[in-house]
Enquirer: 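This structure is in structure tokens; I'll ask about it shortly.
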Amino acid sequence: MDDADKLSPVASLVDSHGRSVTYLRLAITDRCNLRCRYCMPEEGVKVLPHAEILSYEELERLAALFVNLGVRKIRITGGEPFARKGCLDFMERLAANNSGLDLRLTSNGVLLFPYLERLSELGIGGINLSLDTLDPRRFLRLTRRDCFDRVLAVFHKALRLEIPLKVNSVVLDETCDDELVQMATLARDYPITLRFIELMPFTGTSYLSRHNAESLEQRLGRLFPGLEEKVSSEIETARCFSVPGYQGTLGIIQGESRRFCNTCNKVRVTSFGMLKNCLYDDGVLDLRYLLRTGATDGEISRQIYAAITAKLVDGYAAEAARTERCTEDSMATIGG
Ligand code: SAM
């Protein structure tokens with residue numbers, strides 16, 4: 001980056017509601033090797049031609065600009081990040097070129113096993129592993145792929161390598177109490193955080209959840225005696241709970257209830273370079289257009305700054321401002 005061209009001095013990205021934006025979720029692909037029923041139909045979602053996805057060079061340039069604007073944490077996501085060739089090399093370059101960056105990964109784990117040592121060596125701050133069930137048959141039914149053993153092997157190897165682990169588990173209408181209790185054994189027996197996620201309307205289909213009379217929080221309270229909410233000074237997407245005798249922690253992510261908007265510190269960039277201030281917005285800045293039409297680093301930084309400072313107060317306002325309906329978007333396309 002040309003020094004004279006930096007947007008300087010920008011101390012940090014603070015939106016008009018006083019929230020500092022320090023966390024970027026960077027999607028590097030819209031393709032996925034699973035076909036989770038709540039995320040996409042069997043044939044998959046429509047994916048973009050490779051030329052429309054940001055190149056690694058473009059992603060690295062953007063990452064450096066966000067870091068220069070005060071972003072401290074970048075999570076690589078998708079689609080499935082490791083479904084894109086060169087993902088690990090890209091992550092190694094990001095870590096090497098942005099010192100002090102807290103680099104994270106969200107993955108379904110299917111392709112991760114051979115890369116875990118290198119992820120550990122590059123200093124990965126943590127992996128969010130998506131795993132909805134501990135029953136191999138249900139895994140196959142949910143994901144339409146027979147990969148349960150591979151994901152579980154990744155879980156255990158990451159633990160051995162002492163990579164901080166969070167397991168993300170989507171709760172569907174059909175998820176019964178026994179399944180929640182079985183998943184929770186991961187947090188009982190290992191020092192991980194298991195986060196139950198409310199189903200959001202980004203299902204890649206017209207499937208929508210029936211709203212359950214019992215909230216996730218009430219349900220956990222009923223199932224796990226002694227459950228107690230942990231107070232955290234850190235900004236967290238999840239609300240976390242301790243359970244007596246557990247090595248790890250339980251959490252709930254209430255994305256659909258939009259319970260954490262008032263402390264939201266994150267933005268997203270989709271694989272095709274759209275900046276999103278909120279999962280529920282339409283996209284607030286076409287970064288790919290800027291990158292591919294010769295905009296300087298300073299111009300791009302200024303536009304990022306302007307778009308982020310205009311972030312709306314919460315996910316309801318963002319949804320109300322949309323011009324397109326969102327129910328058929330998939331998390332894989334948005335960058336989950
Ligand atoms: N492929 C990676 C993975 O599986 O972790 C990253 C992308 S995936 C879209 C990110 C997360 O979004 C996964 O934990 C997945 O279960 C979750 N997800 C997908 N569709 C969802 C929905 N409609 N509601 C809530 N979570 C969803």
Side-chain angles (χ1 to χ4, degrees), residues 25-41 44-45 47 53 74-84 87 91 104-112 115 119 124 126-133 138-139 141-145 147-148 150-152 154-155 158 165-175 179 183 186 192-212 216 237-238 251-260 266 268-271 276 278-280 315 319 325-336:
R25 298 175 72 111
L26 190 59
I28 66 166
T29 179
D30 57 350
R31 286 155 211 263
C32 192
N33 47 356
L34 296 183
R35 288 288 176 275
C36 301
R37 288 173 189 277
Y38 55 80
C39 189
M40 56 177 81
V45 280
V47 291
I53 300 296
I74 297 183
R75 174 175 300 286
I76 304 304
T77 182
E80 172 50 35
F82 275 75
R84 180 167 178 181
C87 173
M91 290 182 71
R104 311 268 179 125
L105 172 71
T106 292
S107 170
N108 59 35
V110 171
L111 299 170
L112 224 51
Y115 302 113
L119 282 168
I124 189 94
I127 297 178
N128 286 4
L129 187 65
S130 301
L131 178 62
D132 300 327
T133 177
R138 182 158 192 261
F139 183 96
R141 208 171 61 72
L142 272 179
T143 66
R144 304 186 177 102
R145 298 290 184 272
C147 307
F148 174 76
R150 290 211 237 168
V151 180
L152 201 64
V154 163
F155 174 85
L165 261 189
K166 291 179 184 166
V167 173
N168 286 340
S169 196
V170 177
V171 178
L172 304 176
D173 290 342
E174 69 196 56
T175 309
E179 282 169 318
M183 279 307 295
L186 292 180
I192 60 127
T193 302
L194 168 68
R195 308 185 312 168
F196 293 116
I197 306 182
E198 271 181 2
L199 186 69
M200 301 181 75
F202 311 109
T203 59
T205 66
S206 50
Y207 173 85
L208 281 181
S209 172
R210 294 187 309 269
H211 278 280
N212 208 317
L216 255 179
T237 308
I252 52 179
I253 299 186
Q254 295 166 296
E256 173 55 356
S257 316
R258 287 161 253 196
R259 282 288 303 263
F260 42 78
K266 62 177 172 282
R268 290 179 154 77
V269 173
T270 67
S271 59
K276 283 172 74 79
C278 173
L279 259 180
Y280 288 86
E319 188 174 11
R325 41 192 300 267
C326 64
T327 48
E328 289 185 10
D329 281 352
S330 159
M331 285 288 251
T333 317
I334 300 171

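Order of listing sets the numbers, starting from 1, for every ligand and every atom in it. Since this is a predicted model, take the numbers as computed values, not measurements. All residue numbers in this chain count up from 1 along the given sequence.
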Enquirer: Around atom 26 (N) of ligand 1, find the nearest protein heavy atom and jot down its residue, atom name and distance.
Expert: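 Ranking protein heavy atoms by distance from atom 26 (N) of ligand 1, first comes Val170 CG2, 3.6 Å.
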Enquirer: So, taking the atom named CG in Asn128 and the one named CD1 in Ile197, what distance separates them when rounded to the nearest 0.5 Å?
Expert: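 It is 8.5 Å, given to the nearest 0.5 Å.
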Enquirer: Would you call Glu174 and Arg138 a salt bridge, taking side-chain N to carboxylate O under 4.0 Å as the test?
Expert: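 Salt bridge flag = yes for Arg138 with Glu174.
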Enquirer: Output the list of atoms in ligand 1 that are nearer than 4.0 Å to some heavy atom of Glu198, sorted by atom number.
Expert: 25 (C)
Enquirer: How far is atom 21 (C) of ligand 1 from the closest protein heavy atom, and which atom is that?
Expert: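 Going atom by atom, the protein heavy atom closest to atom 21 (C) of ligand 1 ends up being Met331 CG, 3.4 Å.
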Enquirer: Please check this pair: side chain of Asp30 against backbone of Gly79, looking for a donor-acceptor N/O pair closer than 3.5 Å.
Expert: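 Not at all, since once roles are kept as given, no pair shorter than 3.5 Å links the two residues.
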Enquirer: Heavy-atom contact check, 4.0 Å cutoff: does Ala27 meet ligand 1?
Expert: no
Enquirer: Among all residues two or more places apart in sequence or in another chain, which pass the side-chain contact (heavy atoms from CB on, under 4.5 Å) test with Thr29?
Expert: Arg31, Arg84
Enquirer: Rounded to the nearest 0.5 Å, what separates atom CG in Leu199 from atom CG in Asp173?
Expert: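 These two atoms lie 7.5 Å from each other.
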Enquirer: Taking both backbone and side-chain atoms of Asn128, is any N or O found less than 3.5 Å from an N or O belonging to ligand 1?
Expert: no
Enquirer: Using a 3.5 Å cut-off on N or O atoms only, is Tyr38 in polar contact with ligand 1?
Expert: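 Between Tyr38 and ligand 1 (N or O atoms, distance only) the closest approach is under 3.5 Å.
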Enquirer: Pick one of side chain, backbone, both or neither for how Phe202 approaches ligand 1, counting any non-hydrogen atom pair under 4.0 Å.
Expert: backbone
Enquirer: Quick test: of every protein heavy atom, which one is nearest to atom 5 (O) of ligand 1, and how far off is it to 0.1 Å?
Expert: Ser130 OG, 2.5 Å
Enquirer: Just to be sure I read this right, does ligand 1 sit under 4.0 Å from the backbone of Asn108, its side chain, both, or neither, counting only heavy atoms?
Expert: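 For Asn108, backbone and side-chain atoms both sit under 4.0 Å from ligand 1.
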Enquirer: Do Thr143 and Phe148 make a side-chain contact, defined as non-hydrogen atoms from C-beta onward lying under 4.5 Å apart?
Expert: no
Enquirer: Give the atoms of ligand 1, by number and element, whose distance to some non-hydrogen atom of Leu199 is under 4.0 Å.
Expert: 22 (C), 23 (N), 24 (N)
Enquirer: When the ring centroid of Phe202 is compared with that of Tyr280, is the distance short of 6.0 Å?
Expert: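 Centroid separation for Phe202 and Tyr280: below 6.0 Å.
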Enquirer: Between Arg25 and Thr77, is any side-chain donor less than 3.5 angstrom from a side-chain acceptor?
Expert: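 Distance-only check fails for Arg25 and Thr77.
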Enquirer: Can you sort out which atoms of ligand 1 are near Gly78, meaning under 4.0 Å from one of its heavy atoms?
Expert: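 Atoms satisfying the 4.0 Å criterion: 7 (C).
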Enquirer: Quiz question for you: does at least one protein heavy atom lie closer than 4.0 Å to atom 8 (S) of ligand 1?
Expert: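 No, there is none.
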Enquirer: Could you work out, with side-chain contact (heavy atoms from CB on, under 4.5 Å) as the rule, every residue matching Leu111, not counting sequence neighbours?
Expert: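 side-chain contact (heavy atoms from CB on, under 4.5 Å) check on Leu111 returns Asn33, Phe82, Arg150.
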Enquirer: Counting non-hydrogen protein atoms only, what is the nearest one to atom 23 (N) of ligand 1? Give residue, atom name and distance.
Expert: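 Scanning the protein heavy atoms, the shortest distance from atom 23 (N) of ligand 1 goes to Met200 O, 3.0 Å.
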Enquirer: Is it the case that atom CZ in Phe155 sees more than 12 heavy atoms from other parts of the structure closer than 6.0 Å?
Expert: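 Counting neighbours around CZ of Phe155, more than 12 heavy atoms of other residues, nucleotides or ligands fall under 6.0 Å, so yes.
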Enquirer: Would you say Phe260 and Lys266 make side-chain contact, with heavy atoms under 4.5 Å?
Expert: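 Yes, close enough: below the 4.5 Å cut-off.
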Enquirer: With heavy-atom distances below 4.0 Å as the criterion, list the atoms of ligand 1 near Glu80.
Expert: 1 (N), 2 (C)
Enquirer: Quick one: look at Thr77 and ligand 1, take heavy-atom pairs under 4.0 Å, and tell me if it's side chain, backbone, both or neither.
Expert: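 Side chain only; the backbone of Thr77 stays clear of ligand 1.
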Enquirer: Side chain, backbone, both or neither: which part of Ser107 comes within less than 4.0 Å of ligand 1 when only heavy atoms are counted?
Expert: backbone
Enquirer: What residue and atom, counting heavy atoms only, is the protein's closest point to atom 6 (C) of ligand 1, and at what distance?
Expert: Gly79 O, 3.2 Å
